[in-house]
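Within every chain, numbering begins at 1; the chains are lettered A, B, ... in the order of the sequence lines, protein sequences first and strands thereafter.
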Amino acid sequence: MADEHGQQGRGSTSAGFRVLWVAIKREPWIFTVSTLGSVLFGALTVADAWVLGWSTDHVVLPAFETGEVGADMLLAVLGLFLGVAILRAVGIVARRLGAGVMQYRMQAHTRRAVTRQYLTLPMEWHQRHPTGQLLSNANSDVEAAWGPIAPLPMAVGTVAMMVIAIVQMLLADVVLALVGLTIFPVVIAVNVAYQRLAQGWMTRAQQLRAEVSEIAHESFDGAMVVKTLGREPEETERFGSRARELRDVNIKAGRIRAAFDPTLAALPNIGVLVVLAVGVSRVLSGATDAGAVVTVAYLLTIVSFPIRSIGWLLGEFPRSVVGYRRVRGVLDATGEMPYGDRTAAAPAGARGASLAVEGLAYSYEPGRRLLDGVDLAVAPGRTVAVVGATASGKSTLTMLLSRLVDPDAGRILLDGTDLRDLARGELAEAVASVPQTPFLFDDTVRGNVTLGADVTDDEVWAALRAAQADGFVAALAHGLDTRLGERGTSLSGGQRQRISLARALVRRPRLLVLDDATSAVDPEVEARILAALRDETGAGPTLVVVAYRKATIALADQVVHLQGGRIVDRGTHAELLRRSPSYAHLVNAYETEHDETHDDQGVNA
Amino acid sequence: MSTAMDSGEEIGAIRTLRRGVHFSPELKEGIGGTLALAVLASAGQVVVPIAVQQVLDRGVNGPGGPDVSFTVWAGVIAALAIVVTSFASYRMTTRLFTSAERGLATLRTKAFRHVHDLPLLTQNTERRGALVSRVTSDVDQVSQFLVFGGLLFVVSVGQVLVATVVMVVYSWQLALVVWLCFAPLFLSLRYFQRKLSDAYGTVRRQVGLMLSAVSEPVVGAAVVRSYAVEHRTQRRIDEAIDAHKAASTRAQGFTAFSFSLGGVSAGLANAGVLIVGIWLGQGRLWGGDITAGQVLAFAFLVTLFVGPVQMGTQILTDAQNAIAGWRRVIGILETPADLVDPGEAGAVLPRGPIDVRFEHVSFAYPGGPLVLRDVDLAISSGTRVAVVGETGSGKSTVAKLLTRLMDPSEGRVLLDGIDVRDIGSASLRRSVVLVPQEGFLFDDTLAANVRYGRLDATDDDIRASAEELGLGDWLGGLPRGIETQVGQRGESLSAGERQLVALLRAHLADPDLLVLDEATSAVDPALEMRIGRALERLMNGRTSVTIAHRLSTAENADEVVVVDRGQVVQRGPHAALVAEEGGVYAGLHSSWVAQQGR
Ligand SMILES: Nc1ncnc2c1ncn2[C@@H]1O[C@H](COP(=O)(O)OP(=O)(O)OP(=O)(O)O)[C@@H](O)[C@H]1O
Ligand SMILES: Nc1ncnc2c1ncn2[C@@H]1O[C@H](COP(=O)(O)OP(=O)(O)OP(=O)(O)O)[C@@H](O)[C@H]1O
Ligand SMILES: [Mg+2]
Ligand SMILES: [Mg+2]
């Protein structure tokens, strides 16, 4: 661990500058303005002393000597002081506001880029990255990465001050100046040591911040389960132990920071003392005069301020570098889904799409195929029911159909086009999929149904009606404009499912995939929903339904029986019932039970 | 959007500090010592320049040539002062870091706990992302301030006072001039603080909104992808990001402006001192007699005053950000936990089957219509009751009232004759377990999730209870068995498997009253029937309430309760209810039978 920290520490000053360089390149103008503001501020601080000197010489002393002073001179004093003060205020505003604007703009750029990644990276990536961590990447890591921008203009502005002071020192007395300047290598050494010591802890701290955020997010997400099982103390302990770990790491990092700041502040003072000691002996030996010693010592104290402000900048580096690396981790993540350039336009006159699945294989973990050799052909407008026991791979198949993941082998053809050859967004034009677990956005009913698609309210209502959701939506306080709360909390489970269904129906897809999407829908409702899909002529979308209800299955033109990720049998419901005992066992379970209970009752009676 | 938790956001800065210290007592610990160190450190910062000044004046530039021994002595003293100052400053900062981080860890943890103590409905008023921001980044803001601001502010105020005293001793008239020049700044401070407080309050709120905007599509990644709404989603995220940027920039604008006022006041004060000094010297005012030297000396005193004033105003401004964060955390802690746990004083449910009674129970979700109306219900101990009804009829609401996730708006819920509000929460959670409709698993192993039901369960206990439930085959079929990682929210399992884990968890908790809300809705029929039979056996001697759309459960229950539009319209055994021609249940059942193709 220690070794690793050392490794990271070595390059971190330059890494810190590289991070800043990214920001400067991105926002050169604001950087220039704020730096100019800082320079203006520095220059006017010097001007202040000049104004005081001028006023003393030209106004105060004459006034006391002669007892006479014109009102114009007094006004001049006032004007000079105020003028300088106001200009300096302008400098401050330019510097601080500039630094702020630059910082917030960089934060916004990075956050946009990071969240864009969240939206483009594939599902597999999401499954490996907890939500809380992604929140932390978008928030605290971005903040950390651009932290040094705040002290940046000040530090850059004071560099000029430092350079001028150093030149003046050299002009006053080269030897004394060189003695004084020995503090610089020491400053650098102290900084390197600091970067090295602090970086490891900072890395750990950012990691822990992410973990704390992760636990909080998960725990609040599962609040209902926590409550129902009375596990609040255990959850608090889980969170608390991480929070305490973060605390300890922060304290350790703080201790290093606590040593760094005063050391940096003390160095110029020590330099002054050394200059004085050497200076006295040089004056004694006649090598220089007292004035030069005073000048060099004075200039060195002036340098101490820039050094401190540069110290503030460098002090932010370790956290910045760590934050930036974590952000880059997201930005550099690859695995974006490749898209082709084909459109999914319907062949003339066809309402449904044809679907062909050939030799499909998929595995979540290498070496363990979940789906294997799945073949399926569905003619336009036809319905196929996918039936299989729990965990047999039905949802995985539906995920492949809506291209949430790509198969390991085989292909899926929509109207003869491989899904992978379709342009981005094309698939969603043709295929709508209703997931097994509905997901609603914190938006209005309308927003949840349309998802921004350009559809009229009439069409929304028609979709809600088809999903049998019009009744309760009409009863909501604001109808279509009612906000549903995060993930639709203000609805019942079945109501959420119907909104999710309406969302698919409103798009009038050519292929509709229903993954057990009616489990919480009352029995009689489902048949009505399915019937509503067909128009007067009986034409409708091609339909893939995952279902257990026999009535639903019986409507299908074809039933495939999925077992352990393979299609073990296919045919019509009646055929399968006849020839496959395992299929019959699965779909007849209720009936068998029903008969048994009736038999029991019969015996008892 | 205003939420129940914003109540704390109204409180003033001083009260925020007081409440903050109240919630994090560590902040007070050793504050005396830290303050002493602060004084020492800031005193040292004055000693060093003075020593240097002295060495220059009397040592190097001495009247009789350089004075070596004085230089050496003064140098040694200055060096000592540097060492002492640096060390004092190091110790002070360390102590500050320690007490601040300790205090904040406590605050974070308390706030986290309080979120869980809030009623379900209050939790739902704020989005998870925003809740997370309250226990993460809001707290982080406070830390910065406590370490780098708080004490320095106290020291600055002290310095301003000392400088004022020195100035008054020199010349009370000029001191008055300085204060008059700064008066507009001091007077406008309150105004600016209020502005800043608002501005930073907005910033903190925007952080919460931004996190929510980010978290929603992350959680709903599948929907975003399958409907190809990335653009729209990104637009919404971008809006939140930009709103945060705008709020931050606005706050920074106020900060910069209010900070720059200090500089203008200083310029005014300098000019004022010189001008009034001249008038005083000329005897035009207050009959003052003052020399040019005194006026100039006073001009230097002014810098002693200006420095800490500027430092102080800067800290005050920066503090507003921290205070805004602090307020939000305190806001959570001060939101009342409505479902008060009677705690120790609460009744303890005796073990054994529980009987349940609803007496005139009505319920409305906040701001909504009544969803349960005057429900009376009696479930005798040891029976298996099925609750059926259409979507949205109020079944889950009944389940949530029964397990006290919410309290009824009117009427009472009694368990074993005791009002649930009087039962200690530990006892209630021990005896009554709900498997909610929206299952949730933690990102951990299957075993860890099941063990959530009973913490001391061994792996063998888990396997044994899986056997009991008829899930042995399924568990055995998983390549990693109970060590299977379930993924976030359980998403690496199939929907049916997630329900099996939740069921197993509830079974292991060994409750006396088990409430199942659509607990097997995604499980295949064969397995569901198997579980149903197992539960039938296992629930012997316990009370169970099962909510299901699949009426197979109702067929086998001792009693069926039919809920329709918020009212119990029918109850009785299955056989009796089917026979009630035209009844709601007969309708539900016949369509169920039709669906089964029987
Ligand atoms: N958190 C909430 N805020 C406001 N209204 C709610 C909330 N939860 C539920 N409702 C409303 O209360 C009514 C009853 O909901 P409940 O969840 O009890 O229905 P349910 O019978 O369980 O339905 P389902 O069979 O669909 O699960 C519904 O109309 C629903 O919209
Ligand atoms: N993200 C994942 N990572 C690893 N394994 C997964 C993942 N998602 C699903 N699985 C596994 O793949 C198998 C099939 O899951 P799938 O969700 O396709 O089943 P299903 O047929 O839809 O089941 P159900 O009827 O319960 O919905 C399960 O064993 C499950 O544990
Ligand atoms: Mg599934
Ligand atoms: Mg429900």
Counting heavy-atom pairs under 4.5 Å to chain B, which of E214(A), R95(A), R503(A) comes out on top? R503(A)
Using non-hydrogen atoms only, which part of Y118(A) is less than 4.5 Å away from chain B: side chain, backbone, both, or neither? both
Tell me, side chain or backbone of V218(B) under 4.5 Å from chain A's heavy atoms, or both, or neither? both
Should R209(A) and D140(B) count as an ion pair when the cut-off is N to O under 4.0 Å? yes
Part of A265(A) lying under 4.5 Å from any heavy atom of chain B: neither
Residue selection (most heavy-atom pairs with chain A, distance under 4.5 Å) from D443(B), L261(B), L527(B): D443(B)
Residues passing the side chain to side chain contact (heavy atoms under 4.5 Å, CB included) test with F257(B), sequence neighbours excluded, are F192(B), S260(B)
Structural part of Q107(A) lying under 4.5 Å from a heavy atom of chain B: side chain
Under 4.5 Å from any heavy atom of chain B - which part of T115(A): both
Please look at S500(A) and chain B and tell me whether the side chain, the backbone, both or neither of the residue comes under 4.5 angstrom of a heavy atom of that chain. backbone
What is the minimum heavy-atom distance between A105(B) and A243(A), and which atoms define it? CB-O, 4.1 Å
Of the listed S395(A), A259(A), S402(A), the one with the largest count of heavy-atom pairs under 4.5 Å with chain B is A259(A)
What part of E429(A) is in contact with chain B, defined as an atom under 4.5 angstrom from a non-hydrogen atom: side chain, backbone, both or neither? neither
Cut-off 4.5 Å, heavy atoms of chain B, and the answer for T263(A) is neither
Any side-chain donor-acceptor pair under 3.5 Å between S143(B) and E101(B)? yes
Proximity breakdown for L268(B) and chain A, heavy-atom pairs closer than 4.5 Å: both
Could you tell me if the side chain of T233(B) sits less than 4.5 Å from the side chain of Y227(B), heavy atoms only? no
Could you check which of M123(A), R244(A), E235(A) has the highest count of heavy-atom pairs closer than 4.5 Å to chain B? E235(A)
How are the rings of F112(B) and H116(B) set to each other: parallel, tilted or perpendicular (split at 30° and 60°)? perpendicular
Measure distances from E143(A) to the heavy atoms of chain B and classify the residue's part below 4.5 Å as side chain, backbone, both or neither. side chain
Heavy-atom distance under 4.5 Å to chain A: side chain of V219(B), backbone, both or neither? both
Heavy-atom pair count under 4.5 Å with chain B, highest-scoring of S433(A), G83(A), G425(A): S433(A)
If I measure from the heavy atoms of chain A, does S133(B) come under 4.5 Å with its side chain, its backbone, both, or neither? neither
Just do the side chain to side chain contact (heavy atoms under 4.5 Å, CB included) check on V212(A) and F239(A) with the steps written out, would you? CA-CA 7 Å; V212(A) 164; F239(A) 178 84; 3.5 Å; yes
Under 4.5 Å to a heavy atom of chain A? For S425(B) that would be neither
Do V224(B) and F441(A) come close enough that some side-chain heavy atom pair is under 4.5 Å? yes
Out of E491(B), M210(B), R91(B), which one racks up the most heavy-atom pairs below 4.5 Å with chain A? M210(B)
Using non-hydrogen atoms only, which part of S492(A) is less than 4.5 Å away from chain B: side chain, backbone, both, or neither? side chain
Assert top hit (heavy-atom pairs under 4.5 Å, partner chain B, pool G132(A), A216(A), A138(A)) equals A216(A)
Please report the interatomic distance NE2(H549(B)) to OG1(T391(B)), rounded to the nearest 0.5 Å. 4.0 Å
For the residue pair L97(A) and Q252(B), what are the closest heavy atoms and their distance? CD1-C, 3.9 Å
Report which part of R403(A) has an atom under 4.5 Å of a heavy atom belonging to chain B: side chain, backbone, both, or neither. neither
Counting heavy-atom pairs closer than 4.5 Å to chain B, which one of I92(A), L119(A), N250(A) comes out on top? L119(A)
Please look at D242(B) and chain A and tell me whether the side chain, the backbone, both or neither of the residue comes under 4.5 angstrom of a heavy atom of that chain. side chain
Using non-hydrogen atoms only, which part of D248(A) is less than 4.5 Å away from chain B: side chain, backbone, both, or neither? neither
Does F439(A) offer a backbone N or O that forms a donor-acceptor pair with the side chain of R487(A) under 3.5 Å? no
Identify which part of Q488(B) has an atom lying under 4.5 Å from any heavy atom of chain A, answering side chain, backbone, both or neither. side chain
When the 4.5 angstrom heavy-atom criterion is applied to L434(B) and chain A, the contacting part is both
Would you mind checking which part of V435(B) comes under 4.5 Å of any heavy atom in chain A, side chain (CB onward), backbone (N, CA, C, O), both or neither? neither
Per-residue contact mode, A389(A) against chain B (heavy atom under 4.5 angstrom): both
Is F87(B) close to chain A through its backbone or its side chain, or both, or neither, when contacts mean heavy atoms under 4.5 Å? neither
Here the gap from L451(A) atom CG to R507(A) atom CZ, rounded to the nearest 0.5 Å, amounts to 5.0 Å
Just wondering, are more than 12 heavy atoms of other shown residues or ligands nearer than 6.0 Å to CZ in R231(A)? yes
N-O pairing of D238(B) and R116(A) below 4.0 Å: yes
Which atoms of L428(B) come close to chain A, meaning under 4.5 Å heavy atom to heavy atom: side chain ones, backbone ones, both, or neither? neither
Residue P479(B) versus chain A: region with a heavy atom under 4.5 Å: side chain
For R550(B) against S521(B), the heavy-atom pair lying closest together: NH2-O, 2.9 Å
Does any backbone or side-chain atom of L404(A) lie under 4.5 Å from a heavy atom of chain B? Answer side chain, backbone, both or neither. side chain
Counting only non-hydrogen atoms closer than 4.5 Å, does Y364(A) touch chain B with its backbone (N, CA, C, O), its side chain (CB onward), both, or neither? neither
